[in-house]
Amino acid sequence: MTTMSHPRSTVPMIATGEATAILPTETTSPIRVIGTASIRETFDELCIQQAINSRTAPGVTDLVLNPDAHCGYGAPVGCVMVSPSHIYPGPVGVDIKCSMSLLQLDVPAEAIEDRTVRRALIAAICKRTPTGAGKGQRSVSNGRRVNRSLGMKAVIEGASEAVCEQLGIPIRWADRCEDSFHVGHDDTQEALASRLDWLLTQRHMTNFAEKMTQLGSYGGGNHFGECEVVEVGADDRSKQVAETFGLRDGKVAFLSHCGSRGFGHNLASGQFKTLQEKFSRWSIPLPAGDRQLVYAPLGSDEADGYLDDMALGANFATVNHLLINALVLEAFQEVIPGTTGDLVYFISHNIARKEIIDNVPSWVHRKGATRAFPGGHHALAGTPFAESGHPILLPGNPRDGSAVMVADEGAEKSCYSVNHGAGRILGRKQAKRTLDQSTIDSELEDHDILSNCRFYPKDEAPAAYKDFNEVLSSVKQAGLASEVARLKARFVIKDASKADD
DNA sequence: ATGTCC
């Protein structure tokens with residue numbers, strides 16, 4: 001872990017309304033901190049130190065610390081790092097393209113009021129989309145079984161027409177993705193194909209081919225599937241934007257959070273190890289002495305390798321999400337015949353993208369941060385969201401709900417980014433030690449929220465996370481985005497295999 | 001986050 005050399009009390013902070021700037025040095029531009037006074041109290045010293053380390057690392061031109069920030073691998077989870085010249089694997093994160101997706105169904109809230117209907121839906125979804133470490137696909141749909149060659153095609157092509165067709169994913173959903181596919185360092189798919197062939201020969205990529213067949217599964221930790229009722233805001237703008245997004249007030253929707261599973265993990269951890277060995281062998285100084293902040297200058301073989309690996313992992317996550325949504329829709333159709341549904345959006349919070357920041361083409365690393373392009377942003381031209389801005393999907397907690405937001409003009413000052421959720425306030429061990437199981441379970445019961453878990457995981461309880469409304473207030477008060485709708489949980493699907501640790 | 005340590 002990083003050694004603390006800048007105690008919090010010595011870090012100069014400049015308040016700019018509800019956004020606060022920390023000055024890492026006298027010569028670099030400030031870190032912009034998005035957070036109300038109470039949110040700023042949630043940043044511990046290591047989190048702030050990681051932000052300073054990241055801001056002062058080679059080639060970095062901007063850093064934003066979001067209200068949901070907490071300690072991460074090298075950089076805080078909940079930050080945006082911008083560089084025109086360098087790529088940083090740590091500030092993308094270990095779960096490459098961890099993302100959110102939202103499926104709007106035409107089912108009225110009343111249709112799932114009956115607990116037996118919700119129990120049947122939980123069973124139908126769990127039958128198709130497994131949870132837990134090491135768990136692969138157990139699709140009951142013959143046409144959607146992922147063998148090795150289809151897995152390879154998916155990680156090379158992403159949500160291409162052919163991949164969608166083979167997996168029974170409606171092709172129109174590809175237009176509802178932040179990015180429906182990723183290409184290699186030279187902007188070609190061929191780079192990914194040859195990189196994949198090479199990776200498959202590498203010893204440290206253990207069971208790599210099998211990991212590609214885990215498409216259509218949730219995994220564990222904070223990943224989840226959640227059945228929601230949509231509550232669109234009462235104001236005219238919310239109603240109008242909700243219509244553009246395809247959100248339907250008072251109807252059922254399904255929110256998913258997952259990433260690139262063991263496949264992306266293997267790629268990310270392989271890159272950390274490879275780059276750390278090179279830094280060590282070549283005696284290159286580490287940013288702030290932190291080996292978790294290894295980097296590669298763009299144009300180097302190392303950067304090319306990382307960008308290819310990131311793209312492969314990102315393609316896995318993309319197809320994984322779309323397949324999960326297709327399987328969830330199929331589950332609803334099994335329980336409630338005739339159900340139709342469409343993807344609202346699919347958007348990541350762990351990815352580096354090429355964007356233009358302050359007129360400079362840069363790699364924007366979002367580590368636990370969500371892209372937030374407002375209406376009129378050049379990159380949205382030709383998409384369904386050119387005028388409105390795209391949907392921003394933010395998981396909160398089952399008790400307070402989750403949120404759909406839309407960016408405002410002010411998002412420019414946060415490098416077109418907002419938070420990615422509530423953000424952890426208690427470490428997993430701390431949560432397991434201090435939180436009471438029956439309090440957690442009875443709170444969900446009081447809200448009539450069902451779950452596939454006999455005991456809800458303590459380290460995932462609402463109390464293990466920051467106050468979601470305070471986090472959202474930070475974003476709104478800084479002028480970054482506005483809330484369009486709240487999603488109220490009706491049942492949750494999570495990995496319960498480690499709930500009794 | 002991840003078959004939870006190379």
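Side chains included, hydrogens not; waters and symmetry mates left out as well; all remaining heavy atoms used. The chains referred to below are lettered A, B, ... by the order of the sequence lines, with proteins before strands, and numbering in each begins at 1.
- Here Lys211(A) lies in heavy-atom contact (under 4.0 Å) with a base.
- Put simply, the side chain of Gln104(A) does not reach to within 4.5 Å of the side chain of Asp342(A), judged on heavy atoms.
- Gly259(A) comes within 4.0 angstrom of nothing in the nucleic acid, heavy atoms only.
- For the pair Gln292(A) CD and dC6(B) P, the computed distance is 15 Å after rounding to whole Å.
- Note on Gly93(A): nothing from the nucleic acid sits closer than 4.0 angstrom, heavy atoms only.
- With respect to Val418(A), the side chain to side chain contact (heavy atoms under 4.5 Å, CB included) criterion is satisfied by exactly one of Ile34(A), Asp68(A), Thr370(A), Val64(A): Thr370(A).
- Across the protein-nucleic acid pair, Leu275(A) atom CG and dC6(B) atom P stand 17 Å apart, rounded to whole Å.
- Protein atom CZ of Phe208(A) is 14 Å distant from nucleotide atom C1' of dT2(B), rounded to whole Å.
- At whole-Å resolution of the value, OH in Tyr73(A) and C1' in dT4(B) are 15 Å apart.
- Using cut-offs of 30° and 60° on the angle between ring planes, the pair Phe491(A) and Phe332(A) is parallel.
- We find that CZ of Phe272(A) is positioned 14 Å from P of dT2(B), with the value rounded to whole Å.
- One atom, CD of Glu210(A), and another, P of dG3(B), lie 13 Å apart when rounded to the nearest Å.
- Stacking of Arg176(A) on the aromatic ring of Tyr345(A) is not recorded, the 6.0 Å distance cut-off and the 45° axial limit not both being met.
- Nucleic acid contact class of His223(A) (heavy atoms, under 4.0 Å, all strands): sugar-phosphate only.
- OP1 and OP2 of dT4(B) both lie 4.0 Å or more from every side-chain N or O belonging to Arg428(A).
- Whole-Å rounding puts the Asn320(A) CG to dT2(B) C1' distance at 14 Å.
- Taking the six-membered ring where tryptophan is involved, the planes of Tyr88(A) and Tyr295(A) are tilted, since the angle between them lies from 30° to 60°.
- Among the atoms of the strands shown, only primed sugar atoms or phosphate atoms (P, OP1, OP2) are found under 4.0 Å from some heavy atom of Gly220(A).
- A straight line from CG of Asn266(A) to P of dT4(B) spans 11 Å, rounded to a whole angstrom.
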